[in-house]
Amino acid sequence: MSRGRTVRSSPPGVREAGRPGRARLRDLVAASDPGLLRLAAGLRTVGAIALTLAVLGLLGAQVPHLVAGAIAAMVATFAIREKQRAQQAVTLALGLPVALAAVTLAALLRSHVVVGDLVFVALIFCAVYGRRYGDRGTALGMIGFQVYFASLFVGATVSALPQLYGTLVVAFLASAVARFALVPETPTGMLERLREAFRARLAQLVATQLELLDAAGPEDVEKALEHVRDGTARLHETALMIQGRLEEGTADETVARLVQRRVADAEVAAERLGLLLLTARSAERADTLTLHLPGAPVPRAGTLPVRDRATDTVRRDLEALRLLVLRPVSAQPGTGLSHVRNRLLGYRDEENLPAAPPAVQDVFRGIGEAARAVLGLRTALDGPQDESDDSPATTRSREELDAEDAAIDAGEDPAQEAPAGLRRPTTRAAVQVAVGSSLAMVGGELLSSQRWYWAVLTCWIVFINTASTGEILVKGYRRLLGTVLGVVAGIGLAALVGHHTLTAFAVVLVCVFLMFYTAPLSYTLMSFFVTAALGVLYTLLHTYSLSVLVLRVEETALGAACGVLAAALVLPVRTDRRTNDLLVEVLDRLADVTETAVDQLSGGPPAELLDKARDLDQALADLRAATQPLTHPVTPLRARRDTARYVVALLETCAYHARSLAATAELLPTHPSIAADPRLRGAGRRILRNIRATAARVADSRSTDEVETGPSVASLLEPAVPGSPRFGRVTDRVLRHLQRLDEGVVGLARPLRVPVARPKG
């Protein structure tokens, strides 16, 4: 098999020149905004607002009604999060009477301060409590609250109700047009864009791995390694997003599970390739933790790339792998790409490996496995491909993939018992936000009898998508910072646009788009654009002044403080308690995946390993989000921050090895080259005991369970036949993952203060 004639190494600029600029831009956008979710949300909301303003402008509406219509169109668009179009239409239709009722209450109770405040608190409680009914309950609650708030903002009166009713109808109709006609979103289309994002992010990860291989000095290595960490995390994020859209985006559950498997295979193969590259440029086997812990030191002697024929071939093949990921089936000119694919898949056979040190040969094996994962991913995403140019290695890989596809069987997820009463998160949050809003009303009235509602709005917002006191504190801080910066921008924008209505609304539309586009990236930026837009709206309403914007900062600070106070005193969920609960959940999921994978690798019955692995990933994502207050840069507890980062990185490392075990176990029923090894069951017992002992200790500090240490996992296996090799290459890979998992679980003992028992004997 010729390896040198198909793809020649060339500078990055030359390599990129062969791809159209439009394709490169599309890949860049797809990778930075998976599924174009942020872009679509921003365009859809701006489209709804612009259409509302256009219609109301033609009808001669006054500026307060224009502002009310813009706010109503915005909330009617962004509040609805359901994935099916029919469900979105029903929620939008139900939202209109909710909005009409809210504006009616605000107008009728305007002169009844005490009653109005009580009704507002009740509305806030119901809006938060409605989250227990899913996306529809959340959307209707948000619409009710935001329209009531908008009514207070524009000073709704009973005499103006007919015009406001018409404004709301126009806003909701405009929202429907923007959602279903201007910027339509279908589950199938969304999933397709997420697939493209996964492909683009996978290619970006391979590019960062190539950067790691070529990095020369220590600073370059550190920078490249950080890029690999970021690329690995972004790929994992996209895989989770795809997982959440599969059910609605595919008509056939078997197809959904096929895509799920191929995405999981590609993710594991890419992460393994990064680890093998890091090991190849080191004097020792790289610790997997290095890929997950920010700031982790580079392995010893890992600062200079090796320049020889073998590593030059690695560079060429990594670029070829990246090209293979990016090029869709429909854009295959000639047979060049087929030859590239055949060469890379050939590395799965020992006889095709180039002469090189063992660590570099492992990289070639990793490239071969990554090429196989890409082949499966391309087949799952793009459909059948031309097989006329297949080499024997490619044909064998296709046969393996086909056998796996035939073995897929959809399964049911077991229902979990939900907490009840005040233990239910939605009930607890509703009580907390009601108390916090009451405090914000009282304090806001003392600051301003006209604009007290800003404090209530902030209190409401800091409770959205938060579940602990620490999360609320961090969110309140970010909102206050964004508001302060937004006030400065608002002063400049107000002076710039003056009272030019069209220009002002154009600026507001730009701010709204940027608000939605940056919301998933930075809550501070989102708050900045909100406040900047409000400065312009105050100008349109002829209520702008520097004192008004300063008051906005004061009300925001008050609302955030009231939210934190309510969260800390009323049915509090301490950050430590929440993170401990989520940590136990992660450990339970880790034990479940490990036990099931080891059992299947030992000859046990097939199980739904991919579902279990994704449950582990989701639990870990929840834990990562919950530890943000502990790892925030401004936290004064530096040692605690470092411990939280270390624990999360260790768990991510353990999850990677568990996913790898699950991926190998999934291959067992269909690959004749992978045989079950009953000895593995015994090798995994200590790991499972230690995971469960750690979980018990985290759940209850009075637990007497201890973590056990002992000889390496591999030493626990005896030869199946005296005098025969101890284990084959596949079993050797499984043992590596088990060994790393064992080390990772034992490593959790120290930061989590779990006693470690001395080895017996």
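As the structure is a prediction and not an experimental result, all values here were calculated from the model.
In this structure, the side-chain hydrogen bond (donor to acceptor under 3.5 Å, both in side chains) partners of Thr104, at least two apart in sequence or on a different chain, are Tyr165. Annotation: side-chain contact (heavy atoms from CB on, under 4.5 Å) contacts of Ala50 (sequence neighbours excluded): Leu509.
Residues Tyr517 and Asp33 meet the side-chain proximity criterion, which asks for heavy atoms closer than 4.5 Å. At a threshold of 4.5 Å between non-hydrogen side-chain atoms, the residues Gln163 and Gln62 do not count as touching. At a threshold of 4.5 Å between non-hydrogen side-chain atoms, the residues Arg81 and Thr138 do not count as touching. Put simply, the side chain of Ile80 reaches to within 4.5 Å of the side chain of Arg179, judged on heavy atoms. Looking at Cys562 and Leu558, their side chains come closer than 4.5 Å, going by heavy atoms from C-beta outward. Between Val550 and Val487, every side-chain heavy-atom pair lies at or beyond the 4.5 Å cut-off. Looking only at side-chain heavy atoms (C-beta outward), Leu37 and Met241 come within less than 4.5 Å of each other. Arg697 places none of its side-chain heavy atoms less than 4.5 Å from the side chain of Leu752.
The backbone N or O of Gly42 sits nowhere less than 3.5 Å from a side-chain atom of Thr45 that would complete a donor-acceptor pair.
Rounded to the nearest 0.5 angstrom, His65 NE2 and Leu164 CG are separated by 4.5 Å. Interatomic distance, Leu161 CG to Thr167 OG1, rounded to the nearest 0.5 Å: 11.0 Å. Here the CG atom belonging to Leu583 is positioned 6.0 Å from the CG atom belonging to Leu651, to the nearest 0.5 angstrom. Distance CZ/Arg136 to CD/Gln88: 10.5 Å, rounded to 0.5 Å. Summarising the geometry, atom OG1 belonging to Thr427 is positioned 6.5 Å from atom CZ belonging to Phe125; distances are rounded to the nearest 0.5 Å. Atoms NZ and OH, on Lys475 and Tyr523 in that order, are 5.0 Å from each other to the nearest 0.5 Å.
Between the side chains of Glu555 and Ser448, not a single donor N or O lies within less than 3.5 Å of an accepting N or O. Between the side chains of Thr77 and Ser175, at least one donor-acceptor pair of N or O atoms lies under 3.5 Å.
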Using the side-chain contact (heavy atoms from CB on, under 4.5 Å) rule, take His236 and Glu652 through it: C-alpha gap first, then chi angles, then the decisive distance, then the call. CA-CA 11 Å; His236 185 62; Glu652 288 176 339; over 6 Å; no

Passes side-chain contact (heavy atoms from CB on, under 4.5 Å), Glu445 versus Asp117? Steps please. CA-CA 11 Å; Glu445 287 278 4; Asp117 288 350; 4.1 Å; yes

Would you sort out whether Glu237 and Arg234 count as a salt bridge (charged side-chain N to carboxylate O under 4.0 Å, His left out), showing the intermediate values? CA-CA 5 Å; Glu237 173 196 14; Arg234 285 156 63 88; 5.9 Å; no

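Scanning all heavy atoms of the two residues, the minimum distance from Ile472 to Val462 falls at CG1-O, 3.7 Å. Of all heavy-atom pairs spanning Leu96 and Phe172, the tightest one is N-CE2, 3.5 Å.
Among the candidates Val98, Leu457, Val75, Val128, the single residue satisfying the side chain to side chain contact (heavy atoms under 4.5 Å, CB included) test with Phe145 is Leu457.
Using a 30° and 60° split on the angle between ring planes, Phe120 and Tyr148 fall in the parallel class, below 30°. Aromatic ring orientation, Tyr133 versus Tyr129: perpendicular (interplanar angle above 60°, classes split at 30° and 60°).
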